[in-house]
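It should be emphasised that the depicted structure is a prediction, and the values quoted were computed from it without experimental measurement. Here is how names work: the chains are called A, B, and so on, in the same order as the sequence lines, proteins then strands, and each is numbered from 1.
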4 protein chains.
Amino acid sequence: MCAKKRDTRKIILDAALKLFSEKGFSATTTREIAYEARCAEGTIFRYFPTKKDILISLARPAALHGLKQVFEDLPETNDKTVLQSIIENRLKVISENMKLLKVIITEAQFHEEIRKEVYENIGAEILGALAGYIEKRIDKGIFRPLDSVIAARIFGGMFLSFLISKYMLPPEKFDEEDQKVYLQEIVNIFLHGIVKKEGDNT
Amino acid sequence: MCAKKRDTRKIILDAALKLFSEKGFSATTTREIAYEARCAEGTIFRYFPTKKDILISLARPAALHGLKQVFEDLPETNDKTVLQSIIENRLKVISENMKLLKVIITEAQFHEEIRKEVYENIGAEILGALAGYIEKRIDKGIFRPLDSVIAARIFGGMFLSFLISKYMLPPEKFDEEDQKVYLQEIVNIFLHGIVKKEGDNT
Amino acid sequence: MCAKKRDTRKIILDAALKLFSEKGFSATTTREIAYEARCAEGTIFRYFPTKKDILISLARPAALHGLKQVFEDLPETNDKTVLQSIIENRLKVISENMKLLKVIITEAQFHEEIRKEVYENIGAEILGALAGYIEKRIDKGIFRPLDSVIAARIFGGMFLSFLISKYMLPPEKFDEEDQKVYLQEIVNIFLHGIVKKEGDNT
Amino acid sequence: MCAKKRDTRKIILDAALKLFSEKGFSATTTREIAYEARCAEGTIFRYFPTKKDILISLARPAALHGLKQVFEDLPETNDKTVLQSIIENRLKVISENMKLLKVIITEAQFHEEIRKEVYENIGAEILGALAGYIEKRIDKGIFRPLDSVIAARIFGGMFLSFLISKYMLPPEKFDEEDQKVYLQEIVNIFLHGIVKKEGDNT
DNA sequence: GATGAATGAGGCTTCATTCAT
DNA sequence: CATGAATGAAGCCTCATTCAT
């Protein structure tokens, strides 16, 4: 009785995710969601009391789980190439969750509930993992001493700028080669910027 | 009876800007805009054929003009403290336009017209100015050779992470001191990451 | 649970027909139609994308079909009394569709779509049938040779003048007796006017 | 103080007439009338308390005067060619007033005030003149005895069918030649239909 | 559990009318 | 007299939500 039956709830969530990411939450109608999910409009309300509850469900820990992996369990080898290749791998996870990320980032501005979920998950846990990694490297004297949370956020911002370029620029303005160089430079700049240098006591 | 007759158009634009930035474009009603602008709903449509036209007017080059100066005419003294203080100064312009910036960034995702406006103003011109500055420093052998556009974007992302922290985090989690340190670290990491080092031939 | 579920579409069409014929298309509001149809305003738009689509649906061939029979299959006995009684009989069809006819004729002036529908139905087919009848009588030498289409239109005009008198004059100015005489004279004048006379070589 | 000043009232009436005849009364906005009359919207209301009053003013005796001429002062020569040529001449008056006629006929259905004006002017006077003419011919034994009012209305209907053909059919379907024949046949049918014949005692 | 017709509040927009200049 | 900005009621239409089947 477990796996087989068409999981309507999941289907509706997927449909909503697709549409929210394309048109935004307010501009998406329940009728469109029903059509995309190939179910009746009424069915949606058997699973979600309210349209807004669909949005909130998308920001639930379970849904965000995919995103958490991005900065989790970072190995402590700091060699430039290793870090870069890891980041490239993680990018796959991001790409798979891009639609969700877009919805979350956009709607978090306007909905307290989403914002809270984001802080407690992405904010605390995800960036926390990265900050933890940075902390350890500082302790080992490899990175210079700085606020690891701030450093993690800055790195997140660099990464974000990559995502913005990748997903909002027209493809001809940001090709495969650009992407590769971009990621290399993020790692370069960040590592060079954070690494401890002889005689540096800032 | 002197010059300043109540400029209704401007008042409506301001009201819309406030509400769009608080609730998003779709979630803001023309009735709310009218109420905020203290005019009749019908009056709005004497100045804007369509609700969407209010949004577009907000994103017009004229509106974005203020933001252009942020990275324009950067002095070529590269000393860390100078750069940092400059950036702090420019931040005032950003802060004054933050509401607009938020609306523009959010709605650019969903409206082709806005997106174009953004590319041609924020994208091309602003980041272009920063890229030009970086280019000159590379030529002088101060920065290591890298793609100046990518570097500019990365810096933009770092900056963006600051804005996100400043405007989305609850104030008690990001106080004046945090902000100062954050900006310092952006400059530190970026400069150290981009500067040419002895024996570096990456 | 049997067959006849409340046919909302038909009910809305009937309500619209009544109101359009009383107040005209533009002066009728969808709220009034909903009230007359005893349904919610929103319900109307489940069946018709647009108010104008209600009007167009009213003018669809299906709706005009009833009117086509008016001059169809006219027997070729030309005796005055026969023709007159026939016309009186057909009048029933007209009367039953008078509201529709009024709407169609009125709105055809302003809506291209309606006009086309009218030409292809009332114009071409109905008058065509009458013209065909006239043609046959000409061939038999009973009517004098003339343009049968024009003759049909002229007859239509005579008939129209009757309808105008019947439906626009206050009833006390156009009683049963008047109607009878009016129809007799239409037939008289038309037949005398169209019949071939000895020594007539117009 | 009499002739020279731009007669705003007349200009507004003309503008309204043009638009009412093109789009109908309800579908015409005061803004459009103001634009067509090259005056401010507010100016309209200095001359007409209400939009509807513009319409009513159009149906005033003074405005209808032109139309009255059509059947007035008919000479009593009944010769076919004379009558036909007269009608052709009168047609000029009709053409000049066609816009007004269209508005009057259309809106009379929906506005009591207009309807009354039409009865008392067009109905009584215009058709009355024609009926008087017919009466005289009957008295002289040239037309057979019949209800002259009905006969006048029937003739009016024939004429109306001509106007409908002329103003609603696409021009290529109703050329100059058609028009000439049409008018000839109206006269033919009417005269032959109404004339007294030997041995006719209907 | 699923459906989809029905609802009615409310959204965007229009428009006749008013009124200060 | 003329103007045209402002009004707000009302029009058309949308949409989240309900409910009988």
Measure [atom1]/[X] against [atom2]/[N] and give the value in whole Å, please.
| X | N | atom1 | atom2 | answer |
| --- | --- | --- | --- | --- |
| C:I33 | F:dC13 | CD1 | C1' | 13 Å |
| A:I11 | E:dG1 | CD1 | C1' | 14 Å |
| B:F48 | E:dG11 | CZ | P | 20 Å |
| C:E32 | F:dG11 | CD | P | 7 Å |
| A:I44 | E:dA2 | CD1 | P | 12 Å |
| A:D7 | E:dA2 | CG | P | 10 Å |
| A:I12 | E:dA2 | CD1 | C1' | 11 Å |
| A:I54 | F:dC15 | CD1 | P | 15 Å |

A:I104 vs A:L64, side chain to side chain contact (heavy atoms under 4.5 Å, CB included): CA-CA, chis, key distance, verdict: CA-CA 9 Å; A:I104 293 302; A:L64 294 176; 4.2 Å; yes
Donor-acceptor pair, side chain of A:D14 and main chain of A:I11, under 3.5 angstrom: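 Flag not set: sc A:D14 to bb A:I11 has no pair under 3.5 Å.
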Would you mind reporting whether [Y] and [X] have side-chain heavy atoms less than 4.5 Å apart?
| X | Y | answer |
| --- | --- | --- |
| D:R9 | D:F48 | yes |
| A:V103 | A:F25 | no |
| B:L13 | B:L17 | no |
| A:E113 | A:E117 | no |

Hey, mind stepping through D:D53 and D:Y47 against side chain to side chain contact (heavy atoms under 4.5 Å, CB included) and telling me if it holds? CA-CA 9 Å; D:D53 287 298; D:Y47 293 92; over 6 Å; no
Can you tell me which stems DNA chain E forms when a stem means 3 or more consecutive Watson-Crick or G-U pairs under 3.5 Å?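 So the stems come out as E:2-21 with F:2-21.
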Test side chain to side chain contact (heavy atoms under 4.5 Å, CB included) applied to A:E107 and A:R115, step by step: CA-CA 8 Å; A:E107 302 301 336; A:R115 204 151 51 223; over 6 Å; no
Below 4.0 angstrom from OP1 or OP2 of F:dA6, is there any side-chain N or O of B:T8?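 The answer is yes; a side-chain N or O of B:T8 sits under 4.0 Å from OP1 or OP2.
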Using OP1 and OP2 only, check whether a side-chain N or O of A:Y47 sits under 4.0 Å from E:dA2.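 Indeed, a polar side-chain atom of A:Y47 lies that close.
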Side chain to side chain contact (heavy atoms under 4.5 Å, CB included) between D:F45 and D:T30, worked out: CA-CA 10 Å; D:F45 293 90; D:T30 50; 3.9 Å; yes
Under 4.0 Å protein heavy-atom contact, by nucleotide of nucleotides 13-21 of chain E - B base, S sugar-phosphate only: BBSBBB---
